[in-house]
Amino acid sequence: MKKKIISVFAAAAMVISGASALPASADSPSIVETAAKSFSYKGMTFDEAISDICGNYVWLSGSREKVTPDWRYNRSLLAVDENNKNHLIEVKYVVTAIKVEDGKVLPYDDIKAAVEANRMIMPVFRKNGNEYEIISAQSRESYDYTIELVKACPEVTAIEMHYKLSEDTANYAGIGGGYYSGDMTAEEFTAKYPEFTVEKGMIEGKLYFGYNGESGKLYEVIKNMQENGDRLDFDFGHTELASLNPVMYYCNDPVIIDGTMGDANIDGRVDLSDSVMIMQSLANPDKYGISADGGITAQGQLNGDTDGNGLTNNDAREIQMSLLGLGSVPIPQKDDDIDLVNYDHVDFTEEDNNFTLKFSDKEYYNSGAALSVSAIGEEIGDFEVLDREKNSSTAKVFALSDVSSEFAVAVQYSGSNNYHVYRNTWYQPETVGQLIDDLELEKFLNINSVYYQEYKPEHKNVMYMADSELIWNTIFGDRTLETSGSNDDHVVSISSIDRSEKYCELEIGCDMPVYGRFNFGIKVYMNGAVFTNLVERGTHFNIDAEKAQALIEHYSA
């Protein structure tokens with residue numbers, strides 16, 4: 001087994017002196033969206049893309065570190081530039097791409113067993129060409145733990161974050177206040193930063209400050225604050241106008257790399273192909289350089305620099321001499337028992353979300369979620385899928401393990417080894433028990449937060465951490481309750497609430513990543529009415545009014 005030197009680099013450390021992305025401007029970045037289905041993520045790092053959009057900037061809400069596949073909600077970031085102009089950045093797509101040594105496979109089952117042994121849900125992986133991708137995760141905890149397990153795999157030669165992002169120039173974004181998570185008291189913070197005053201935020205127990213300084217000095221104030229190691233995470237609102245067709249940036253950041261000296265093409269080995277890669281990148285940088293699709297990477301340049309004097313043809317010669325036993329580059333022992341694996345090369349872009357499935361006389365729509373093989377049940381058959389232009393093709397349809405096909409199925413496109421979740425838009429259960437069983441809610445429903453909303457005698461809106469067990473037992477404890485998707489019935493149930501004295505509601509934030517359902521709600525009313533949009537057309541039922549009020553009062557402190 002070869003000895004690997006594994007390092008973790010910040011994005012900035014990967015920009016080699018003298019080697020940078022192609023020149024870019026706000027009008028023509030080095031990587032832009034095209035009509036093709038396959039895109040390169042090599043042209044820029046994430047930070048370079050944001051700088052290309054904003055110039056000199058500081059973050060007001062979110063940051064690069066926040067944008068990982070576990071980010072289940074709003075992928076909107078807010079920055080302010082040195083001219084005090086706000087920039088709303090929309091992250092359309094983010095995956096963690098994992099490359100393994102030629103002929104090897106990632107030990108997925110072992111990783112999954114370790115994750116689940118720690119009482120966490122395994123992130124969703126898919127195969128994309130000769131790479132593995134993490135496309136979603138239930139929590140940052142499960143994502144971070146999985147990444148550490150992946151890093152420890154000797155088969156892994158590189159891990160990168162791939163992003164697709166753009167600026168929303170059609171909508172205006174305005175900031176409110178900001179939440180503080182540091183060690184200072186409110187008095188210490190406002191004494192240090194007099195431009196801010198203490199205000200009431202929605203998150204119980206977190207300090208919240210409003211900005212009362214000059215609007216033309218916001219960038220300067222926030223820059224000074226962040227240089228001091230302090231930070232506010234601002235909440236913000238923006239107008240909801242139709243979006244323009246923005247310029248898309250396809251960019252990447254390294255997470256972990258194979259630091260094997262001489263491995264210029266990052267395939268886990270040192271051989272003649274590494275020498276060829278070096279010479280090609282130097283002789284024809286437009287085709288094989290660091291910014292070219294399929295060219296040398298920043299880490300490849302580091303690995304290929306065998307003498308520390310920068311990448312030159314001398315490094316290519318040193319690798320050749322070392323392969324003959326006459327040079328200084330250690331040559332890792334090559335495994336002789338590798339059976340090469342043939343991977344399909346299927347492009348995964350937003351185009352995958354534009355399909356409708358004709359199945360069981362119903363229409364199922366692509367949810368945008370992908371599945372691991374362990375979630376796939378029996379094959380149902382071949383069925384027609386239609387794209388947005390109604391072009392028809394055939395795909396294999398599978399049941400999902402322990403999930404009713406009345407609600408969702410898995411679809412595998414021709415020529416692909418990946419599976420996509422398709423949901424029945426018109427699904428409607430008859431009872432709470434059927435809802436639980438058909439969707440396997442006990443396993444897949446994530447209850448994240450609770451919003452207590454009081455309208456009388458005073459207006460109050462507070463967010464709390466969810467007591468998942470209490471909420472589950474209160475709302476889903478009676479499996480015999482009848483459900484209905486009728487909007488008329490829902491209106492009647494809600495209109496019967498007495499709002500004369502004290503009126504409050506509870507909204508519970510949830511998601512089900514396995515089905516591509518994020519940031520939906522379960523609303524509980526004082527008369528026992530429960531409404532949720534966890535299924536597309538919504539469903540509602542009535543629990544006991546005393547139970548509903550007890551749950552609401554639990555969060556009314």
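Everything numeric here is computed off the predicted structure, so don't read it as measured data. As a basis for the values below, the full set of heavy atoms in this structure was taken, side chains included, without hydrogen atoms, waters or symmetry mates. Residue numbers start at 1 and run along the sequence shown.
Using a 4.0 Å cut-off between a side-chain N of Lys or Arg and a carboxylate O of Asp or Glu, Lys223 and Glu220 do not qualify as a salt bridge. The pair Asp47-Arg64 meets the salt-bridge criterion, since a charged nitrogen lies less than 4.0 angstrom from a carboxylate oxygen. Comment: Lys99 does not engage Glu131 in a salt bridge, judged by the lack of any side-chain N to carboxylate O separation of less than 4.0 angstrom.
Within the 3.5 Å criterion, the main-chain N or O of Trp59 finds a donor-acceptor partner in the side chain of Gln226. At distances below 3.5 Å, at least one donor-acceptor pair connects side-chain atoms of Ser281 with backbone N or O atoms of Ile278. Between the Tyr132 side chain and the Leu106 main chain, a donor and an acceptor come within less than 3.5 Å of each other. Under a 3.5 Å cut-off, the side chain of Asn446 and the backbone N or O of Met512 do not form any donor-acceptor pair. Panel note: side chain Asp144, backbone Glu148; no donor-acceptor pair is recorded below 3.5 Å. One N or O on the side chain of Asp315 and one on the backbone of Thr306 form a donor-acceptor pair closer than 3.5 Å. Judged by distance alone, the side chain of Ser166 and the main-chain N or O of Met248 form no donor-acceptor pair under 3.5 Å. With hydrogens and angles disregarded, no donor-acceptor distance shorter than 3.5 Å links the side chain of Thr96 to the backbone of Met161. In terms of modelled atom types and a separation under 3.5 Å, the side chain of Thr45 and the main chain of Glu48 share a donor-acceptor contact. Distance alone, capped at 3.5 Å, places no donor-acceptor pair between the Asn83 side chain and the Lys85 backbone.
Here the two rings, on Tyr250 and Tyr163, have centers that are 6.0 Å apart or farther. Close placement of the Tyr108 and Phe125 rings is indicated, their centers lying within 6.0 Å of each other.
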### Stepwise side chain to side chain contact (heavy atoms under 4.5 Å, CB included) check, Asp274 with Val276
CA-CA 5 Å; Asp274 297 301; Val276 172; over 6 Å; no
### Task
Start with the C-alpha distance between Phe398 and Val409, add both sets of side-chain angles, then the distance that settles side chain to side chain contact (heavy atoms under 4.5 Å, CB included), and finish with yes or no.
CA-CA 6 Å; Phe398 297 79; Val409 293; over 6 Å; no
### Query
Can Ile134 and Ile98 be said to form a side chain to side chain contact (heavy atoms under 4.5 Å, CB included), step by step?
CA-CA 8 Å; Ile134 301 177; Ile98 303 163; 4.1 Å; yes
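In this structure Glu442 satisfies the side chain to side chain donor-acceptor pair (under 3.5 Å) test with no other residue, sequence neighbours excluded.
Checking each of Asp81, Ile222, Val221 against Val58 for a side chain to side chain contact (heavy atoms under 4.5 Å, CB included) leaves exactly one that passes, namely Ile222.
Side-chain contact check for Val91 versus Lys164: every heavy-atom pair is 4.5 Å or farther apart.
Between Phe383 and Phe359, the ring planes are perpendicular. Angles over 60° get that label, and only those under 30° would be called parallel.
Within a 6.0 Å radius of CD in Glu378, no more than 12 heavy atoms belonging to other residues, nucleotides or ligands are found.
If you check the side chains of Thr157 and Glu101, you find no donor sitting under 3.5 Å from an acceptor.
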